[in-house]
Amino acid sequence: MIRARFAPSPTGYLHIGSARTFIFNWLYTRKHHGTMVLRIDDTDIDRNTSASLQSIYDGLNWLGLGWDEFYRQSERLDLHRQLAYDLLAKGLAYRDFTPASADLEDKPRGEGPWLCNPEMRGLSREESDRRAAAGEPFVIRFRVDRDPGYEVAFQDEVYGAQSKLTADIEDFALLRSNTMPTYHLASCADDIDLRITHIIRGQDHLSNTFKHILLFQAAGAPIPRFAHLPLLIAPDGSKLSKRRHGPVVSVTTYRDYGFLPLGYINFLCLLGWSPKDNREQMTLYELESAFSFEGVNRSNAVVNFSDSDPIDPKALWLNSQHLRSIGVAALAPLVRQSLAENGLQPYRDEDFFKHVVDTIRTRFSTLVDFSTKGRAYFSDDFDIDPKAQEKLDVPGARELLHELAERIAANPEFTEASVERDLRKLADERGVKAGVLINASRAALTGQPVGPSAFAVFTCIGRERVIQRLRKV
RNA sequence: GGCGCUAUCGUCUAACGGUUAGGACGGAGCCCUCUCAAGGCUCAAAUAGGGGUUCGAUUCCCCUUAGCGCUACCA
């Protein structure tokens, strides 16, 4: 039984790189009928905020994939401490009484890495116990094997064979002097307790994995499989950060921009992973069946945004593909919600609403487009685009539109075909090209110079409003 | 500095050592057409550099360069 976890720390919003990690974990567990664990890694009490936790939920809920089990590390601190003390008792860890403030001075850089403080590492058990009992603060450190030539090795599902000399690994901290577990301790203790079989996470943890394996071994626990994912980076090669790159790093930005969850999921999947058969637009099920670590790349992927355009053009393209291909029944509620968020209450009945959505969606790329470019379909209060205005300003166009209004009013039939007949007949009688009247009609009815076939527009606006808008022009 | 990882069109990527180095986005153009999209077709665009190994390297090895990560009582 496969068990994987997504373990964000609530110190910011849900980062798009984290979202992708979540998605890959989800895809993998779903594909193998495993269990997806969501674990909030909140052991850094100074940096955690509830707003951040909320934003993580918001992002995850928007993606809509869900999870099977949920834990918060802050509620499991005793478990973490237990492991630290077990290791201490076994001599696999030791107390370091060096004051935290002196850390930087005690760890000179430049010549080589800081590995440990031999004096503390060599403290006798009696001495260590005595000082602890006397109330002296300490940090518990893992006692890394110092035998030259001893190495930790593992087979990463993505990066292949990995190994590192333990001589190059420092005696990392497990339990802080304030008794809070460090990330390494909490993470491994929980992974053991939750029986995690696959750790799928960002490549920034690749080097940490050696420490984690040491911990798993010391705890006598089975070592999970590891799959590290290449990072998502900015066009300049730097890592995505809120301070430098702004909202492009937060998933909620894409939600607010009008992305379909599936459109964005699909986009994220294609960053650092490929089905290797040239497919791009894929359904969730297709992604699930195609996903494998073999398809995961090893080099970082650039999210292609710029100052002038905060959205990666490929993301937009993929979203538009999904927008026009998912079932109308699934799309309609999303459009309705988006319209409502923009203060528009579509007045159509459900079937008619779906018909309209289906007609206009092929030239939109986000949900928000329905409220902007598509505003006239859902409200009488819309602006006339300057280019649309030009089509109305063609000499004689207004008179023709007024006349068209009367002909439609006089014709009890109102279908694409009947309107087309009325319009072409009128154009013919007045000796103007049908195109002029067609384009002017679209401009008058929607305020837009572009859009679906004009006759389809007529039926989408509805007979009454068509007559109204044509007369008013 | 030490350790680890990575390197194919502008971007995302494909290519059991043998391909005119493929696809997609974006760009340019053509067709279609009531507009704009969509769709169809065409064009421009890449193996970081240097050494090896090999009959033959995008592919394997080494070096250089560049980028990223870890090197915290952050995660």
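The basis for the numbers below is simple: all heavy atoms, side chains too, and nothing from hydrogens, waters or symmetry mates. Residue numbers start from 1 in every chain, and the chains themselves are labelled A, B, ... in the order their sequence lines are given, proteins ahead of strands. Predicted model only: the values in this text are computed from it and were never measured.
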Let's test your reading of the model: under 3.5 Å, does the base of [N] pair with the side chain of [X] as donor and acceptor?
X	N	result
A/K314	B/C12	yes
A/R363	B/C36	yes
A/S177	B/C73	yes
A/R141	B/C73	no

How is [X] classified with respect to the nucleic acid when contacts are heavy atoms under 4.0 Å: base, sugar-phosphate, or nothing?
X	answer
A/R324	sugar-phosphate
A/E280	base
A/P449	base
A/F210	nothing

Expected list for residues 383-395 of chain A: side-chain donor-acceptor pairs under 3.5 angstrom, two or more places apart:
unit_1: A/D385; atom_1: OD1; unit_2: A/K387; atom_2: N; d: 2.7
unit_1: A/Q389; atom_1: OE1; unit_2: A/R398; atom_2: NH2; d: 3.4
unit_1: A/D393; atom_1: OD1; unit_2: A/R398; atom_2: NH1; d: 3.2

Residue [X], side-chain heavy atoms: nucleotide from [options] that is nearest:
X	options	answer
A/V139	B/G4, B/C68, B/C73	B/C73
A/S207	B/C70, B/A14, B/U35	B/C70
A/V450	B/U35, B/G39, B/A75	B/U35
A/H205	B/C5, B/A75, B/U6	B/A75
A/A454	B/C34, B/U6, B/U11	B/C34
A/S9	B/A75, B/G26, B/G4	B/A75
A/T43	B/A75, B/A14, B/C12	B/A75

Now, which nucleotide makes the Watson-Crick or G-U wobble pair with B/A66, with each of the two distances under 3.5 Å?
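B/A66 is paired, partner B/U6.
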Is there side-chain contact between A/P235 and A/F305, with heavy atoms separated by less than 4.5 Å?
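The answer is yes, as the side chains (C-beta and beyond) meet within the 4.5 Å cut-off.
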Partners passing side-chain hydrogen bond (donor to acceptor under 3.5 Å, both in side chains) against A/S325 (at least two apart in sequence or in another chain):
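side-chain hydrogen bond (donor to acceptor under 3.5 Å, both in side chains) list for A/S325, sorted by chain: A/Q281.
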Given RNA chain B, 5'-ward residue of the pair A/D277 and A/F455, judged by closest heavy atom:
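It is A/D277 whose nearest nucleotide is closer to the 5' end.
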Measure the distance from CE on A/M282 to C1' on B/C12 and round it to the nearest whole Å.
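Taking CE of A/M282 and C1' of B/C12, I get 15 Å after rounding.
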